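We number each residue from 1, following the sequence as shown. Quantities reported herein were computed from a predicted structural model and do not represent experimental measurements.
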Amino acid sequence: MPTPAPVPPPVTRAEVLVVGAGNAGVSLAAKLLRDGARDVAIVEPSPVHRYRPLLNYVGAGRATPADVERPTASVVPPGCRWVQDAVASVDTAQRTVRTRRGASIGYGTLVVCPGMREDWAATPGLQDAYGAGWAGSTYVPGSAPLVWPALSGLREGRVVFSVPPEPAPCGPTALKPALMACDHWRRRGVLADLDVTVVLPEEHALGVPGADEHVEEAFAAYGVSVLRGSRVLAVDPVLRSVDVATPTGTRRLDPVAYAHLVPHYRAPEWITASGLGDASPAGLVDVDPSTLRSTRHPDVWGLGDAAAIATRSSGGALRKQVEVLSHNIAAAASGRRLHRYDGYTVMPVTTSRDRLVLAQSDRRGPRPLPLPNPFAPRRWAWWFDRHVLPRIYFQRLLRGKV
């Protein structure tokens, strides 16, 4: 009879305690350990880690769920302790985190990066429409595998796609399944029989001059109707209708054959309840957008989707934030100068099933690649985003090597 593996002792304190084992938490923990940190722990309840950008390709029939998922245990870096639990509250005065299972974990430094949660209550009827099967999105992992079978089978009728308002996990990439589906329908000869509408929360999809023009060209080429400065208000799961708030009033879209509607997002409620949140309705972690340090608690830091970093979240943004934050945690402990995050982000948006616009920017404006027509849709950019980046993610980013 095999000897059972020893059960590790419970984590009661960590010099650096990281909340969340997504891209932000795992990449940061690995970088901290590589930079010399000796005591790092992660609090994360999920046994599954996902490379979320690939979910958009799952929803376009260009990837499978197996490409997206890994066991959390396989991505937690060596030397980092994993607490498989969820945070219930933080006591900043006592420097302790309370978990839902009742554990109390002390910390020297706390990093809050749990990601955001779907705010289903913000869009009445949406969750029921998901359950009814005529709505879904690639942003919700359980829904993503159902999107492509629904989209690829359409031959006629109204189809609605929404880009979520900020804050959201790289919201503009919600256009990936929309424009890849349009290309599929055009190749199949059914696009003319479909009435495709995209709901944009802003005037343009990306807010990056030079890149937006190429997305607009794709909208025009596919005959897509665009509702600008708009957001989904409510959904009737029985009548298959979608109410949209537009600058000129509420518009009802019905009947809808299929709706790829991304939920609105907010940070976990315990962030605000613990006195870590900002004043926004989404309750993001209140940090200095440049140093990523809490504005009220010098031993608390934040990064990723749930942090108020004054830029659109993305994997590329996280790479820069991890580099800055790993330095700043060590610098703060030794009284050295903190580095500053310039708001760099990147928004990769497909314009067809094999071309992609790579829109990079920071707080000063666009950051084009040193190429002629730098934001033009390119095949190599699509290949890099779909096939190369996932390998870099699992083999290097999550190991603190980039």
*Can any side-chain N or O of Arg240 pair as donor or acceptor with the backbone N or O of Val256 at less than 3.5 Å?*
yes
*Kindly say whether His339 contributes a backbone atom to a donor-acceptor pair with the side chain of Asn328 at under 3.5 angstrom?*
yes
*Pair Arg228 + Glu202, salt bridge at N-O below 4.0 Å*: no
*Quick one: pull up CG in Leu33 and CZ in Arg399 and give me the separation to the nearest 0.5 Å.*
14.0 Å
*Which atom pair, heavy atoms only, marks the closest approach of Ala181 to Phe161?*
CB-CZ, 4.4 Å
*Given Asp254 and Val242, is the side-chain contact (heavy atoms from CB on, under 4.5 Å) satisfied, shown in steps?*
CA-CA 7 Å; Asp254 75 325; Val242 178; over 6 Å; no
*May I ask you to decide whether Arg293 forms a salt bridge with Asp288, counting only side-chain N to carboxylate O separations under 4.0 Å?*
no
*Test Ile105 against Leu17 for side-chain contact (heavy atoms from CB on, under 4.5 Å), laying out the working first.*
CA-CA 9 Å; Ile105 306 172; Leu17 186 62; 3.8 Å; yes
*Is the side chain of Ser314 donor-acceptor paired with the backbone N or O of Met347 at a distance under 3.5 Å, no angle test?*
no
_Polar side chain donor-acceptor pair, Thr96 to Asp91, under 3.5 angstrom_ = no
*Just by distance, with hydrogens left out, do Arg101 and Thr99 show a side-chain donor and acceptor under 3.5 Å apart?*
no
*Evaluate the side-chain hydrogen bond (donor to acceptor under 3.5 Å, both in side chains) criterion for residues Asn56 and Thr138: first the C-alpha distance (whole Å), next the side-chain angles of each, then the deciding distance (0.1 Å), finally the verdict.*
CA-CA 5 Å; Asn56 285 313; Thr138 54; 2.7 Å; yes
*Side chains of Thr123 and Pro263 in contact at under 4.5 Å (non-hydrogen atoms)*: no
*Decide yes or no for Glu118 and Tyr139: does some side-chain heavy atom of the first lie under 4.5 Å from some side-chain heavy atom of the second?*
no
_Near-ring test Tyr130/Trp120, centroid separation under 6.0 angstrom_ = yes
*side-chain hydrogen bond (donor to acceptor under 3.5 Å, both in side chains) evaluation trace for Asp305 with Ser313*: CA-CA 6 Å; Asp305 297 345; Ser313 64; 3.0 Å; yes
*Which atom names give the shortest non-hydrogen contact between Ala144 and Leu55, and what distance separates them?*
CB-CD2, 3.9 Å
*Looking at Tyr265, does the NZ or CZ of Arg117 lie under 6.0 angstrom from its six-membered ring centre and within 45 degrees of the ring axis?*
no
*Determine whether the aromatic ring centres of Phe375 and His214 lie less than 6.0 Å apart.*
no
*asked:* Could you tell me if the side chain of Val244 sits less than 4.5 Å from the side chain of Leu253, heavy atoms only?
replied: yes
*Heavy atoms only: give me the nearest Leu151-Pro177 pair and the separation to one decimal.*
CD1-O, 4.5 Å
_When you measure from the side chain of Trp301 to the backbone of Thr109, do you find a donor-acceptor pair of N or O atoms at a distance under 3.5 Å?_
no
*asked:* If you define the side chain from C-beta out and look only at heavy atoms, does anything of Leu154 sit under 4.5 Å from Val159?
replied: yes
*Check each of Lys176, Arg378, Arg391 against Asp385 using the salt bridge (Lys or Arg N to Asp or Glu O under 4.0 Å) test, and report the only one that passes.*
Lys176
*Hey, does Val18 have a side-chain heavy atom less than 4.5 Å from the side chain of Val40?*
yes
*Would you call the rings of Tyr393 and Tyr51 parallel, tilted or perpendicular if under 30° counts as parallel and over 60° as perpendicular?*
tilted
_Sole residue of Val287, Val324, Leu318 in side-chain contact (heavy atoms from CB on, under 4.5 Å) with Leu303_ = Leu318
*Considering residues, nucleotides and ligands other than Glu156, do more than 12 of their heavy atoms fall under 6.0 Å from its CD?*
no
_Considering all heavy atoms, the nearest Ile309-Arg363 contact_ = O-NH2, 2.6 Å
*asked:* With a 3.5 Å distance limit and no angle check, can you tell me whether Asp362 reaches the backbone of Gly343 through a side-chain donor-acceptor pair?
replied: no
*Distance only, no hydrogens: is a donor on one side chain within 3.5 Å (strictly under) of an acceptor on the other, for Asp243 and Thr250?*
no
*Given Leu179 and Phe219, is the side-chain contact (heavy atoms from CB on, under 4.5 Å) satisfied, shown in steps?*
CA-CA 8 Å; Leu179 296 179; Phe219 288 154; 4.1 Å; yes
*Determine the minimum heavy-atom distance between Gly400 and Ala30, stating which atoms define it.*
N-CB, 3.4 Å
_If you count heavy atoms of other groups shown closer than 6.0 angstrom to CZ of Arg50, is the number above 12?_
yes
_Sole residue of Arg367, Gln360, Lys320 in side-chain hydrogen bond (donor to acceptor under 3.5 Å, both in side chains) with Tyr344_ = Gln360
*Judged by atom type as modelled, is there a donor-acceptor pair below 3.5 Å linking the side chain of Ser361 to the main-chain atoms of Gly365?*
no
_If the test is ring pair (Phe, Tyr, Trp, His ring centres under 6.0 Å), which one of Trp382, Trp148, Trp383 qualifies with Tyr57?_
Trp382
*Report yes if the side chains of Val97 and Leu110 come closer than 4.5 Å at any heavy-atom pair, otherwise no.*
yes
*Quick one: does Asp212's side chain have a donor or acceptor within less than 3.5 Å of a partner on Leu206's backbone?*
yes
*Can any side-chain N or O of Asp85 pair as donor or acceptor with the backbone N or O of Pro45 at less than 3.5 Å?*
no
_For the CD atom on Glu216, are there more than 12 heavy atoms of other groups (residues, nucleotides or ligands in this structure) within a distance under 6.0 Å?_
yes
*Ionic contact status for Arg155 with Asp193, cut-off 4.0 Å*: no
*Any Lys/Arg nitrogen of Arg187 or Asp183 sitting under 4.0 Å from an Asp/Glu carboxylate oxygen of the other?*
yes
*Is the charged tip of Arg158 near the ring of Trp134: under 6.0 Å from the six-membered ring centre and within 45° of its axis?*
no
*asked:* Regarding Asp119 and Arg266, does a basic nitrogen lie under 4.0 Å from an acidic carboxylate oxygen?
replied: no
*asked:* Just so I know, are the side chains of Pro201 and Ser230 near enough to count as touching, which here means a heavy-atom distance under 4.5 Å?
replied: no
*Could you pull out the closest heavy-atom pair between Gly207 and Pro209, with the gap in Å?*
O-CD, 3.7 Å
_Salt bridge or not between Asp67 and Arg62? Use side-chain N to carboxylate O under 4.0 Å._
no
*For Ser274 and Val90, indicate whether the former's side chain and the latter's backbone hold a donor-acceptor pair under 3.5 Å.*
yes
*Please confirm whether the backbone N or O of Gly171 pairs with a side-chain atom of Thr173, one donor and one acceptor, at under 3.5 Å?*
no
*Could Arg296 and Asp286 be called an ion pair, given the rule that one side-chain N must be under 4.0 Å from one carboxylate O?*
yes
*asked:* So that I can tick it off, tell me whether Glu44 and Arg81 are bridged by a salt bridge, with the cut-off set at under 4.0 angstrom between side-chain N and carboxylate O.
replied: no
